[in-house]
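Written out below as structure tokens is the structure these notes cover.
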Amino acid sequence: MKFFQNHFKHNGLFVIMFLISVISIITVSIIITWTTFRMSEQFFIDKFSITNAKVMNQVKDSFESYNYSIVLASNNILQSGTIRRIMTEEQSNAQKMRSYFQMSEQMKRTKSNVDAYETEIIVTGVNEMSYATNRSYWLITDEELQSHIMTENSLKNPKRLIYQYDQRNENTNSANDAQFIVASKPLMERISGNIYGMMYFAIQESEIRNFYNSHTSTGNDVFILDKTGTIVSSNKTELIGDEANNLLHYAKENEQKNNDYIIANFMGTDQIIFMEYIPSFDMYLFNLIDKKTAIGDLINKKQIVLICICIVAIALIIVFLISRRMTNSLSTLVKQISDASKFDFDQYVSVSGTYETMQIGKAFNSMLDELHDYLEKLVLFQKQKRNAELAALQQQINPHFLYNTLTSIKFMIQQGGKGEAEETINSLISLLQNTIGNGSETISVEQEINNLKDYVLINQKRYGDRIKVNYLLSPDCVDQQIPKLILQPFIENSFFHGFNNKTSGFINVMVWQEKGTLICEIMDNGDGMEISSNKLPKTKSKKQHFTGIGVRNVNERIQILYGNQYGVSISSNLGEGTRVKITLPISEI
């Protein structure tokens, strides 16, 4: 997990760019594919509608042709005086026999108009005379005809030839033989308007179906609907007689929009619906094409999707390689820059990649150069400062210390103490050599203790030995390097300020190692003092007899050399003495 987090951290720009590219490419591909499907479907439907319109016109012409034949036949009947006479006059049985013969002859001429179609003609008169060309074709009685809804509808519109649907339920060989479309019209005198009978032209639905049957196929269906929404004819024979109000609703909506076709749902399936109104029949002609069946074979969606997936995959590979190439140099540069602060400022970054990356790399390297120059100057300044401070310390030897020491030596010689004088002179010479003559910044613990012993010896010769000094050094510390003159200021303080009230005492100087550090401790049992925690006491230069080196100065020197974790700490109590602890790093010998 951490590997992926680090990998994402250093390649965040690439990951974001690549994800944005992936989302964009996939989105555009989906939109293009969907648009292609839609445009292809629309193009197919538009082209198909042109062809289908011709087919619909052919079917419509067939209906009109049939209607024309029926109109000719009906006019022939209406114009026949013989038929009018037969259907209006009261007749004897002998006259009826002659009338049937005359009707037969008349109807032969009339039926010649509809010989192209298998149609039965029935004529009924107000005198209850009736004549049928083929009684077995449309099985309906004269009594039923008189009360039939078709007769009622025709009497309401006596001047129109009305086509209506009739379903016979008895005495038929098959369902197809029981479904009829019947054209009916009253026999009406043209001048007086008197109705003297009815004429019916019945044709089986299967005959009507022949008008369009050759244009249907699986998924390509034709429906004929009357004004009530009843399916009066269709190649889907199981639906004949059912109501299809939604188709009728589509037809009425399209009358206002006048579209060539609509795409709508019929019986749970999306259909391309073409529709025509047949005025002579007062019916609607519908051609329904199953959209899935029609377009499914036209467009190979699976193949198109596979092609799109291949194109998207190739595009993603190209985007991946280009994005990787563009961001790799930047990611590498960022990683080099982030690592620079972890190691050192000498780690320059490689200048490569794009123009922008190269410019950033050059700017970073230039910044490192300037930083190096600044650090070198800073280090040199700090070194010069420390040397100047050390030199200043070494120059701060109080002349009175020398005057008094030399005066003390003079009195020793006058009083015959040549041995003491010689010992004091040797200590003074050694002290001056190690402080003034030695320009090194650090010395060993042993050398620092020897200087301290010389300083203590000189002071004891001058002021007496009421203050005893003890030295306790761990053997593993004598060769450790420490800054020069860091113990003397605290011995000096103890000598001249720690025993003002007490007449005698001792000072212990201890050096040991503890937890990887070098500890130097100066402890006295003198007067002690009041100090605030974590604060070093200020020294007064006028009371410093040897160097004037302050306690704070020693602390600052140590922290400049080794850091703030090292330095001086002092603890003291009035009447109990003072303890000074100096913490230093252990140097490698």
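Only this structure's heavy atoms are used, side chains among them; waters, hydrogens and symmetry mates stay out. If you're wondering where the values come from, they're calculated on a predicted model, not measured in any experiment.
Ion pair R135/D142 flagged as a salt bridge, since at least one NZ, NE, NH1 or NH2 atom sits closer than 4.0 Å to an Asp/Glu carboxylate oxygen. The pair R209-E205 counts as a salt bridge, with a side-chain nitrogen and a carboxylate oxygen less than 4.0 angstrom apart. For E255 and K252, the salt-bridge test fails: no basic side-chain N is under 4.0 Å from an acidic carboxylate O. The pair E120-K111 fails the salt-bridge criterion, with no side-chain N (NZ, NE, NH1 or NH2) lying under 4.0 Å from an Asp/Glu carboxylate O. D270 and K292 are not joined by a salt bridge, as no carboxylate oxygen comes within less than 4.0 angstrom of a charged side-chain nitrogen.
For H372 and Y348, the distance between ring centers is under 6.0 angstrom. No close placement of the F180 and F201 rings is indicated, their centers lying 6.0 Å or farther apart. For F286 and F274, the distance between ring centers is not under 6.0 angstrom.
Residue-environment remark: CE (M367) exceeds the threshold of 12 foreign heavy atoms within 6.0 Å.
The distance from atom CD of Q106 to atom CE of M103, rounded to the nearest 0.5 Å, is 8.0 Å. One distance of note links CD of E128 with CD of E143; it measures 8.0 Å at 0.5 Å rounding.
Side chain of S65 to backbone of S62: no donor-acceptor contact under 3.5 angstrom is found.
Y66 and Y117 have perpendicular rings, their planes meeting at more than 60° on a 0 to 90° scale where under 30° would count as parallel.
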Chi angles and distances behind the side chain to side chain donor-acceptor pair (under 3.5 Å) call for N287, Y212:
CA-CA 10 Å; N287 181 197; Y212 55 81; over 6 Å; no
